[in-house]
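Presented below is the structure to which this report refers.
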Number of protein chains: 2
Amino acid sequence: MIYTVGEMAKRLGVAPSTLRYYDQEGLLPFVERSSGGIRVFKDSDYEWLQVIGCLKKTGMQLKDIKSFIEMAMQGDETIEPRLALIVKQKESVKAQIAELEETLCTLEFKEWYYETAKENGSTAVPRNMALDELPEQFRKVRLKLRGE
Amino acid sequence: MIYTVGEMAKRLGVAPSTLRYYDQEGLLPFVERSSGGIRVFKDSDYEWLQVIGCLKKTGMQLKDIKSFIEMAMQGDETIEPRLALIVKQKESVKAQIAELEETLCTLEFKEWYYETAKENGSTAVPRNMALDELPEQFRKVRLKLRGE
DNA sequence: ATACAAGTTCAAGTTACCTTTAAGTCAATA
DNA sequence: TATTGACTTAAAGGTAACTTGAACTTGTAT
């Protein structure tokens, strides 16, 4: 199967202008053109675009994704640096998950805080509660929020 | 304890210009000024800034954080919408974690892919491997990447 | 009293990532 | 063959979140 930029964009759930922009930025050196200059996307290009999408989700910048694609275009000599980059991004994603888990704990504290405020008609109640009055799992969170 | 903008920025690990920018954008209505116009941060302001930082980590935009702060400044009448917002952000963070977990699976597949390529001197080996030749946990990932 | 680091405002600059617009070309259908 | 919708490029515009620079003021330390 082959696709135009619009068809491929639809398949990926992105705007056609995004694909044109990526191409312009050098992220899509694998995309060929028809005799008339129209971009011709193949199924194997879809896979490249999925990889680009994956790296984007890790928070990698387009210029770094470009380097990765350029390495891939060089062929088998660049297997090791590509592996290294994947491993690095894997660690980065693990760190991001850990940070979001912490953020989640803070939000759960805040949820409890406003639930308690709602029940009592005032934020003063959870705010002035002694540390040992609050549920055990929220004590560390409150200390951290208050910088203690 | 009271702090200048520079001291508070240091305590938070951000640039002083960031705090001035937030103030300018209306995110810090609780910060008072000295007679000479210098910002005076209190310990309770540190806690607000930590909450702002938490909401930022959830991916919330500054204009939406501003709305939250404005509600908080209104007092106890806004407990319910604040609770609703926290719960919404909690769900958003859970979704972000789920997406990163999926991204992690893809990266683990890619790690295996390049490890196998490295062992065999060519990406052709993992690329052309039959689906039932690859480790079970990577089969669904490859199908998704190839759009099958 | 004087120096001087760090504060102030306002405006302009920066970066990343697209999107939009304009002017024109390609290619599938009637 | 003519129409029409989707393609092309180049350049400009947009947005979020800061950062920087210039010109000036505050407040602490000698």
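Protein chains get the first letters and strands the later ones, always in sequence-line order, with residue 1 at the start of each. Note that this is a predicted model, so its numbers are computed, not measured.
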So, does [X] get its side chain near the phosphate of [N], meaning an N or O under 4.0 Å from OP1 or OP2?
| X | N | value |
| --- | --- | --- |
| Lys66(B) | dA16(D) | no |
| Arg39(A) | dC7(D) | no |
| Thr4(A) | dA6(D) | no |
| Ser34(B) | dT26(D) | no |
| Arg33(A) | dT9(D) | yes |
| Lys56(A) | dA16(C) | no |

Figure out the [atom1]/[atom2] separation between [X] and [N], and round it to whole Å.
| X | N | atom1 | atom2 | result |
| --- | --- | --- | --- | --- |
| Tyr3(A) | dA6(D) | OH | P | 18 Å |
| Leu62(A) | dC17(C) | CG | P | 4 Å |
| Asp64(A) | dC17(C) | CG | C1' | 14 Å |
| Ile2(B) | dT28(D) | CD1 | P | 9 Å |

Given dC26(C), dT9(D), dA17(D), the nucleotide with the shortest approach to the side chain of Ile38(A) | dC26(C)
Of all the nucleotides listed (dC18(D), dA16(D), dC17(C)), which has the minimum atom distance to the side chain of Lys63(B)?
-> dA16(D)
Stretch residues 8-27 of chain A: residues that reach within less than 4.0 Å of DNA chain C through a heavy atom = Ala15(A), Ser17(A), Thr18(A), Tyr21(A), Tyr22(A)
Is the shortest side-chain N to carboxylate O distance from Lys66(A) to Glu25(A) below 4.0 Å?
-> no
NZ/NE/NH1/NH2 to OD/OE distance under 4.0 Å, Asp45(B) and Lys42(B) | yes
For residues 117-130 of chain B, pull every pair meeting side chain to side chain donor-acceptor pair (under 3.5 Å), keeping only residues two or more places apart or in separate chains.
-> Asp76(A)-Ser122(B), Asp76(A)-Thr123(B), Thr123(B)-Arg127(B)
